[in-house]
Amino acid sequence: MDINKIKNNVVKSVATSEEEVSSIHPRLEANNIRFVGLGVEELGVQDFVKGGFFSGELYIDTKKQCYKDLGFRRLNIFSGIGALFSKSTRDGLAKAKEQNIDGNMKGDGFQNGGALIVKAGGSEVIYSYKQEDPSVYVKPNDILKALGLEEIKEEPQAEEASGGG
């Protein structure tokens, strides 16, 4: 991945205050690591900020040029409809509902994102994650591992009861 492709792209800064990935922000800050998010549009960004869904620096790439240059997947109408009905999307929606996170059908729901960890100076990519499905995100422990930081101990999940049909 050539990080130099995006160095001259124009992005707009947004003042902020993704919940799950933001949970590692204090650890990154303690290790002098910048935590930066790049969104695709201004629509809904104020609600996103007010909701505290991301705790790092936030920028908007209104032309989506960084996403193109980094090869992040953009769904089309067919793959988007398929993604809407996938099990992972249903699971993601259920998790959001549990956390009282609501949504709407406004804005660009076709652009997938990802995560990059770039070495200080911006010339070397240490870790790259490209989102293939809109409901699947980079895991905080994957980020910590790539940075050589101790991973978060995950709580065991309760087993789901299986009923007869």
Side-chain angles (χ1 to χ4, degrees), residues 1-29 31-86 88-89 92-93 95-96 101-149:
M1 177 174 295
D2 184 4
I3 195 71
N4 290 315
K5 287 184 178 181
I6 66 168
K7 70 180 180 182
N8 294 320
N9 291 352
V10 177
V11 294
K12 180 179 180 180
S13 176
V14 178
T16 67
S17 75
E18 182 111 26
E19 283 194 10
E20 191 170 315
V21 77
S22 286
S23 67
I24 64 171
H25 185 216
R27 301 236 349 251
L28 299 179
E29 201 169 48
N31 286 280
N32 200 28
I33 299 168
R34 285 178 66 196
F35 187 47
V36 179
L38 185 62
V40 296
E41 61 193 348
E42 293 185 53
L43 179 66
V45 76
Q46 292 309 320
D47 291 333
F48 185 75
V49 171
K50 275 198 297 191
F53 295 106
F54 187 79
S55 59
E57 299 171 47
L58 185 61
Y59 297 86
I60 304 294
D61 179 8
T62 56
K63 294 181 181 178
K64 301 175 189 150
Q65 193 61 48
C66 293
Y67 286 76
K68 290 176 194 169
D69 291 345
L70 292 170
F72 288 158
R73 182 176 182 212
R74 181 162 180 79
L75 301 175
N76 60 40
I77 191 71
F78 300 109
S79 58
I81 289 171
L84 274 176
F85 295 104
S86 73
S88 61
T89 296
L93 290 171
K95 184 176 179 180
I101 300 171
D102 59 357
N104 57 45
M105 297 300 281
K106 297 177 183 173
D108 184 353
F110 290 101
Q111 181 63 61
N112 281 352
L116 287 177
I117 299 175
V118 181
K119 196 170 193 166
S123 61
E124 182 184 341
V125 175
I126 298 170
Y127 175 82
S128 175
Y129 171 83
K130 289 184 181 180
Q131 185 183 37
E132 293 300 320
D133 183 297
S135 64
V136 181
Y137 298 91
V138 65
K139 293 175 178 64
N141 275 338
D142 291 347
I143 294 171
L144 294 173
K145 185 178 178 181
L147 291 166
L149 299 175

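The figures that follow rest on heavy atoms only: side chains count, while hydrogens, waters and symmetry mates do not.
Not one N or O on the side chain of Asp61 forms a donor-acceptor pair closer than 3.5 Å with the backbone of Val40. Under a 3.5 Å cut-off, the side chain of Ser22 and the backbone N or O of Ser55 do form a donor-acceptor pair.
Within the model, atoms OG of Ser128 and CD1 of Ile117 stand 9.5 Å from one another, a figure rounded to the nearest 0.5 Å. We find the CD-NZ distance between Glu41 and Lys64 to be 6.0 Å, quoted to the nearest 0.5 Å. In this structure, Asn32 CG and Arg34 CZ are separated by 10.5 Å, a value rounded to the nearest 0.5 Å. Atoms CG and CD1, on Leu38 and Ile60 in that order, are 7.5 Å from each other to the nearest 0.5 Å.
Annotation: side chain of Val138 is in contact with side chain of Tyr127 (closest heavy-atom distance under 4.5 Å). Side chains of Ile24 and Ile143 form a contact here, defined as non-hydrogen atoms less than 4.5 Å apart. Side-chain contact between Tyr137 and Val21 is absent, with no heavy atoms from C-beta onward closer than 4.5 Å. Residues Cys66 and Phe72 form no side-chain contact, since every pair of their non-hydrogen atoms from C-beta on lies 4.5 Å or further apart. Side-chain contact between Val45 and Leu58: present, with at least one pair of heavy atoms (C-beta onward) separated by less than 4.5 Å. In this structure, Arg74 and Asn112 have side chains that are not in contact, with every pair of non-hydrogen atoms separated by 4.5 Å or more.
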Apply the test side-chain hydrogen bond (donor to acceptor under 3.5 Å, both in side chains) to residues Tyr59 and Glu57: give CA-CA distance (whole Å), side-chain angles for both, the deciding distance (0.1 Å), then the verdict. CA-CA 7 Å; Tyr59 297 86; Glu57 299 171 47; 2.9 Å; yes

Given the rule in the side-chain contact (heavy atoms from CB on, under 4.5 Å) test, do Val118 and Glu124 qualify, once you have shown the distances and angles that lead to the verdict? CA-CA 6 Å; Val118 181; Glu124 182 184 341; over 6 Å; no

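A donor-acceptor contact closer than 3.5 angstrom is absent between the side chains of Tyr129 and Gln131.
With sequence neighbours excluded, the residues that form a side-chain contact (heavy atoms from CB on, under 4.5 Å) with Glu132 are Arg73, Lys130. The side-chain contact (heavy atoms from CB on, under 4.5 Å) test applied to Ile33 returns Leu28, Asn31, Leu147, Leu149, not counting sequence neighbours.
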